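Here the structure is laid out as structure tokens; the discussion comes afterwards.
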Number of protein chains: 4
Amino acid sequence: MDKREQIIEIATKLFSERGYENTALSLVCEKANVSKGLISHHFKSKDGLLREIFLKTTQLIVEINRVDKENQTPSEQLIELLDSLFSKLASDKLFFQFNLNVMVQPNTRKVLDDLIKERSSFILKKTKEIFDKIDIENSLVMSHMFIAELDGISLNYLGIYEDFPLEQIKKEIIKKYALQ
Amino acid sequence: MDKREQIIEIATKLFSERGYENTALSLVCEKANVSKGLISHHFKSKDGLLREIFLKTTQLIVEINRVDKENQTPSEQLIELLDSLFSKLASDKLFFQFNLNVMVQPNTRKVLDDLIKERSSFILKKTKEIFDKIDIENSLVMSHMFIAELDGISLNYLGIYEDFPLEQIKKEIIKKYALQ
Amino acid sequence: MDKREQIIEIATKLFSERGYENTALSLVCEKANVSKGLISHHFKSKDGLLREIFLKTTQLIVEINRVDKENQTPSEQLIELLDSLFSKLASDKLFFQFNLNVMVQPNTRKVLDDLIKERSSFILKKTKEIFDKIDIENSLVMSHMFIAELDGISLNYLGIYEDFPLEQIKKEIIKKYALQ
Amino acid sequence: MDKREQIIEIATKLFSERGYENTALSLVCEKANVSKGLISHHFKSKDGLLREIFLKTTQLIVEINRVDKENQTPSEQLIELLDSLFSKLASDKLFFQFNLNVMVQPNTRKVLDDLIKERSSFILKKTKEIFDKIDIENSLVMSHMFIAELDGISLNYLGIYEDFPLEQIKKEIIKKYALQ
DNA sequence: GATGAATGAGTATTCATTCAT
DNA sequence: AATGAATGAATACTCATTCAT
């Protein structure tokens, strides 16, 4: 059993559920069955642990975009992307909760600044690539709107409206973007 | 000079800039030139102060929606709404920062639960009213999408992309929703 | 009972006996019957408390030098000064222990830098004044030697030689400096 | 490259510069490119390492006193001793810094108690031997004064006065003690 | 001899809250 | 309404030491 991995796993869960600032390292230690010193040893500080976790979620996002799309039309690619995104949104709320959380909180935002910039420019680039293939006009602005809309859906679904009509919105989004 | 009002003003600014959890009441006291006891006296607790502030921002949102629209077409109303929203987004970032912040943070989310629900259902209702007047099909789902898109734009503009093309996106949004 | 004063008193004693770095604030709190927060409240930090204490000991030194010497010859002044110094050295070891301690420890030395410089230049000035009155040649260098010798005596008496012949050395010193 | 020796060298430097209590073994390990376990292995504990270092500095002091003085008069011996001492004081401040440090700090004082006593009685004996040869009256007390004065000079030169007139004081000391 | 993961007690500091005045 | 001394629980972090490899 790798204790380092265990810390990351537990901390990810707790940071997502309770928020970064509201999660004491002592709680992480307790739940992960690990001493306080070990976090210092492996991650140097709480912020260091946060960065490690954020990096891991970025890798996950990168992987979602790396699926082999050789024999798909751009529209099919977009549909698949939306499909996997909406699936994950429904199945793994905490993943999105965590990411929203740390990007909005001024404190964590600062700690993760470079990593957030790196990730978000990657997402923008990938989106624009698809839009360019589909030959959408004004692809940069449209990519920004596309990303914003999906982020807004996450935000409203996760944090604001209890009866958010996720499924129907998914259909509308696919209709709007992929079936042009 | 009303000290109660001064506390609210300073606290709003600090909570917005630094996040709720990362703002010590002692800092609020110092900046507002006020003793610690006075916050307890007026607001009972830090959470109480937060609720008071959130209520005030809700009132502001309500006011934006209350502008007299008697002699406007629904489309004109929508355009004006979008206009004032994008203006405020550019001029008063902290206002949106604060609201995003407290809605995404699990802790504050819990404290404000009832107020958030009240506000968001108000916003949904108002949006749907306009969409119904415009006679948009599937108005509930479309209202959700509309709100989500605007929230997503705030999120991306404020917290993620440094060179977010706000102006162009505003034009696209108006084109999309109001000029049908 | 003034708790602020109580903290200073207890801390002075403990810092002297155990050294600054080896004295936990929790120990000070326990002995002074005071909560941990109160030290923060009054002194901001452990270093702040140290500076306060060092300032107080400086005041004591200043007072020793302020005794009315109107109707004394310079030699009589010097004898009286030596007398009170040697008395205090024998009766209040901790006082000297503390001062040696914080001036030699790199950490505390840094924290107290400005205060140490201020104090030591005061002592040098006062010594030189007397030496000038006695009309001693090369008074600046001789003042330095005088101060160094007394500091060295403290150091050896307090910290090194268990059977240090303090009384006889006092006589020799008086013979050497005051009876020229 | 002998790692044991390397640890001693680095630790001596760091203890001197930063003080014993303020120097973490992890820092020593890092600077010496050595694992934590190795210090335990070689020196058992941090205190063990300190004792080893103190012993080494004692040996250095012994060597200074062992220089062949067969064909020198006692006065010449004393001058040479003072000369080498003042040279070292100017060239190797850290050496004296370290020794002052550990003798004044209650914690380290306790750990090194036996070694300090041994060393200081050696120094006293050696000094008294020379003074006896010169036929100085009251040689024990005078030896104590001599040692104290030199210690005081170190203390004031290293830790208190930035513009301490070391060279002139050296001349005065030689005049006073060696040219009688 | 040498490593480094792991421990756990200990440290200064923070902070919302209480309460006498 | 207003102050600020006082509390005490909580927090991130430090660090010497142990031990399996």
Side-chain angles (χ1 to χ4, degrees), chain A residues 1-4 6-7 20-29 32-50, chain B residues 1-4 6-7 20-30 32-50, chain C residues 1-4 6-7 21-29 32-50, chain D residues 2-4 6-7 20-30 32-50:
Chain A
M1 177 194 51
D2 189 343
K3 294 211 169 189
R4 192 178 189 280
Q6 188 147 352
I7 292 169
Y20 175 73
E21 319 228 27
N22 199 39
T23 304
L25 286 187
S26 60
L27 183 65
V28 177
C29 292
N33 238 34
V34 144
S35 71
K36 292 191 181 178
L38 199 57
I39 290 184
S40 270
H41 182 62
H42 283 306
F43 308 99
K44 191 85 181 167
S45 71
K46 195 183 179 186
D47 284 353
L49 175 55
L50 176 64
Chain B
M1 176 193 51
D2 189 344
K3 293 209 170 187
R4 191 176 189 279
Q6 186 144 354
I7 293 170
Y20 174 73
E21 319 229 25
N22 198 39
T23 303
L25 285 188
S26 60
L27 183 65
V28 177
C29 293
E30 190 192 322
N33 240 34
V34 145
S35 74
K36 297 211 175 152
L38 199 57
I39 290 185
S40 272
H41 182 66
H42 282 306
F43 307 99
K44 186 87 182 167
S45 72
K46 194 183 180 187
D47 285 353
L49 175 56
L50 176 64
Chain C
M1 175 194 51
D2 189 344
K3 294 212 170 186
R4 192 177 189 279
Q6 188 149 353
I7 292 170
E21 319 229 24
N22 198 39
T23 304
L25 286 186
S26 60
L27 184 64
V28 177
C29 293
N33 237 34
V34 144
S35 71
K36 292 192 181 178
L38 198 56
I39 289 184
S40 271
H41 182 62
H42 283 305
F43 308 100
K44 191 85 180 168
S45 71
K46 194 183 179 185
D47 285 353
L49 175 56
L50 176 64
Chain D
D2 189 343
K3 294 210 168 187
R4 191 176 189 280
Q6 186 144 355
I7 292 170
Y20 175 73
E21 318 228 26
N22 198 38
T23 304
L25 285 188
S26 60
L27 183 65
V28 177
C29 292
E30 190 191 321
N33 241 31
V34 144
S35 72
K36 298 211 174 150
L38 199 57
I39 288 184
S40 272
H41 182 66
H42 281 307
F43 307 98
K44 187 85 180 169
S45 72
K46 194 184 179 186
D47 285 352
L49 175 56
L50 176 63

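Chain naming here is simple, since letters A, B, ... match the order of the sequence lines and numbering starts at 1 in each. Predicted model only: the values in this text are computed from it and were never measured. Atom set for the values below is all heavy atoms of this structure, side chains included, hydrogens, waters and symmetry mates excluded.
In this entry the distance linking CG of C:N33 with P of F:dA6 reads 13 Å, nearest Å. Counting to the nearest Å, the P atom of E:dG4 and the CG atom of A:D2 are 16 Å from each other. Summarising the geometry, the separation between CD1 on C:I39 and P on F:dT7 is reported as 11 Å, rounded to the nearest angstrom. Computed from coordinates, the D:I7 CD1 to E:dA2 C1' distance equals 10 Å when rounded to whole Å. Protein atom CG of A:L50 is 14 Å distant from nucleotide atom C1' of F:dA12, rounded to whole Å.
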Let me have the donor-acceptor pairs involving side chains of residues 42-50 of chain A, under 3.5 Å, with sequence neighbours excluded, atom names and distances please.
unit_1	atom_1	unit_2	atom_2	d
A:S45	OG	A:D47	N	3.4
A:S45	OG	A:G48	N	3.1
A:K46	NZ	A:Y20	O	3.0
A:K46	NZ	A:T23	O	2.8
A:D47	OD1	A:Y20	OH	2.5

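Atom-to-atom distance recorded for C:L25:CG and C:I7:CD1 is 9.5 Å, nearest 0.5 angstrom. Residue D:N22 holds its CG atom at 5.0 Å from CD of C:E21, rounded to the nearest 0.5 Å. Between the CD atom of D:E30 and the OG atom of D:S35 there is a distance of 13.5 Å, given to the nearest 0.5 Å.
Taking the side-chain contact (heavy atoms from CB on, under 4.5 Å) definition, one finds that A:S26 meets it with A:A24, A:K36, sequence neighbours left out. Listed by chain and residue number, nothing satisfies the side-chain hydrogen bond (donor to acceptor under 3.5 Å, both in side chains) test with C:N33 (two or more places apart in sequence, or in another chain). By the side-chain contact (heavy atoms from CB on, under 4.5 Å) test, D:Q6 is found to be paired with D:M1, D:I10, D:A32, residues two or more places apart in sequence or in another chain being considered.
In this structure, C:H41 reaches the F:dA5 phosphate: one of its side-chain N or O atoms is under 4.0 Å from OP1 or OP2.
Helical stems of DNA chain E (runs of at least 3 Watson-Crick or G-U pairs, donor-acceptor distances under 3.5 Å) are listed by first residue: E:2-21 with F:2-21.
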Seminar exercise, completed: Protein heavy-atom contacts under 4.0 Å, written 5' to 3' over nucleotides 14-21 of chain F as B (base), S (sugar-phosphate only) or - (none), form the string BBSBBB--
